[in-house]
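Worksheet: one structure, shown below.
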Amino acid sequence: MNILVATGNAGKMKEFREVLDNFSRVLSMKEAGIKSDPEETGSTFRENALIKAGAVREILTGPEFDWKKADLDPDDTIVIADDSGLIIDAMPDELGVKSARFMGHDTSYDIKNKEILRRMADVEDEKRTARFVCAIALIFPDGSEYTEEGVMEGRIAHVISGNGGFGYDPIFFLPDLGCTSADLTADEKNAISHRGKALRAAAALIERKING
Ligand code: IMP
């Protein structure tokens with residue numbers, strides 16, 4: 001069985017491999033020679049993850065795809081994709097499924113993070129609640145579709161902190177740990193993160209489907 005991951009993001013690819021490599025051959029779109037970047041028109045993370053996985057599955061099973069050259073039999077390949085983002089309760093309409101588009105795709109996360117802290121400057125601690133959400137969509141060779149979701153709860157920090165992670169990690173404060181998710185090592189973050197949780201649920205689902 002192959003697992004084809006519908007992402008062009010190298011950081012995400014690494015996390016997918018770490019969890020899924022154990023029991024299957026894992027390929028990126030690039031390794032399969034597939035290009036896909038569909039518009040994320042869904043209103044939920046699950047919908048958008050399914051849009052991304054569906055677009056790649058269409059190419060994989062389409063007449064133009066030379067699967068022998070790519071050594072990727074569509075009848076033996078699970079396509080998976082993720083969609084994730086940050087929900088900030090005090091800024092309900094701005095991030096969520098639109099997290100990557102907040103202030104424009106080309107704006108640096110340093111600028112985005114500073115702007116969020118500026119806008120949240122007068123918001124008291126109890127109202128700074130936020131969560132990262134990750135949905136993973138899986139499409140099996142028989143066309144059956146599933147989604148799994150993982151959540152990491154936290155609060156918007158008062159100051160930027162940490163050099164790990166990416167994106168909004170430096171402003172995502174974890175009250176139980178007393179630090180941001182950018183202060184954690186990759187392994188520490190994986191153990192509690194939205195993506196780590198969703199990925200482990202996806203891996204468990206694949207294992208159940210493969211082993212009956
Ligand atoms: P996607 O690539 O469409 O899933 O967009 C994800 C968006 O949410 C991007 O803006 C990321 O920066 C943000 N995001 C998702 N997961 C994380 C995370 O673990 N840390 C920091 N930012 C994240």
Side-chain angles (χ1 to χ4, degrees), residues 5-19 28-30 35-56 79-89 91-117 120 128 130-138 147-157 160-174 177 179-202:
V5 185
T7 184
N9 179 320
K12 285 185 182 177
M13 200 55 219
K14 187 166 169 279
E15 291 183 13
F16 275 96
R17 272 195 214 286
E18 276 163 12
V19 177
S28 65
M29 286 199 300
K30 198 170 167 201
K35 282 199 182 114
S36 171
D37 189 17
E39 219 184 312
E40 295 174 25
T41 53
S43 56
T44 63
F45 295 107
R46 287 180 196 265
E47 277 172 26
N48 281 337
L50 274 170
I51 287 171
K52 292 183 206 177
V56 167
V79 178
I80 75 176
D82 89 320
D83 192 57
S84 56
L86 176 64
I87 295 173
I88 302 178
D89 292 324
M91 295 173 62
D93 302 322
E94 284 160 279
L95 287 99
V97 291
K98 298 178 287 189
S99 293
R101 285 164 273 170
F102 175 66
M103 294 181 76
H105 265 291
D106 297 332
T107 305
S108 75
Y109 276 92
D110 192 43
I111 292 174
K112 293 187 196 205
N113 286 337
K114 282 182 180 146
E115 175 62 9
I116 291 171
L117 293 195
M120 299 272 295
R128 299 179 79 88
R131 64 206 57 81
F132 275 121
V133 181
C134 175
I136 292 187
L138 306 95
T147 56
E148 298 285 358
E149 206 166 76
V151 178
M152 174 165 68
E153 295 281 351
R155 286 187 185 180
I156 298 305
I160 286 175
S161 173
N163 297 313
F166 65 100
Y168 300 108
D169 279 322
I171 60 164
F172 191 77
F173 185 72
L174 298 155
L177 300 178
C179 64
T180 70
S181 44
D183 289 314
L184 302 178
T185 64
D187 283 348
E188 286 168 343
K189 184 181 161 194
N190 255 338
I192 58 165
S193 78
H194 49 313
R195 193 167 301 100
K197 288 173 187 165
L199 258 171
R200 287 188 288 277

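Just so you know, these numbers come straight off a predicted model, no measurement behind them. Remember, it's 1-based here, ligands and their atoms both numbered in the order they're listed.
A salt bridge does not link E40 with K98: every distance from a Lys NZ or Arg NE/NH1/NH2 to an Asp or Glu carboxylate oxygen is 4.0 Å or more.
Taking the six-membered ring for Trp and thresholds of 30 and 60 degrees, F132 and H194 have nearly parallel ring planes, at less than 30 degrees apart.
By the salt bridge (charged side-chain N to carboxylate O under 4.0 Å, His left out) test, K189 pairs with D169, sequence neighbours left out. Partners of E148 by salt bridge (charged side-chain N to carboxylate O under 4.0 Å, His left out), not counting sequence neighbours: none found. Take E153 and apply the side-chain hydrogen bond (donor to acceptor under 3.5 Å, both in side chains) test, not counting sequence neighbours, and it matches R131.
At a 4.0 Å heavy-atom cut-off, the residues surrounding ligand 1 are K12, E40, K52, D83, S84, G85, S99, A100, Y109, F132, F166, G167, Y168, D169, K189, H194, R195, listed by chain and number.
At least one side-chain heavy atom of I87 sits less than 4.5 Å from a side-chain heavy atom of F45.
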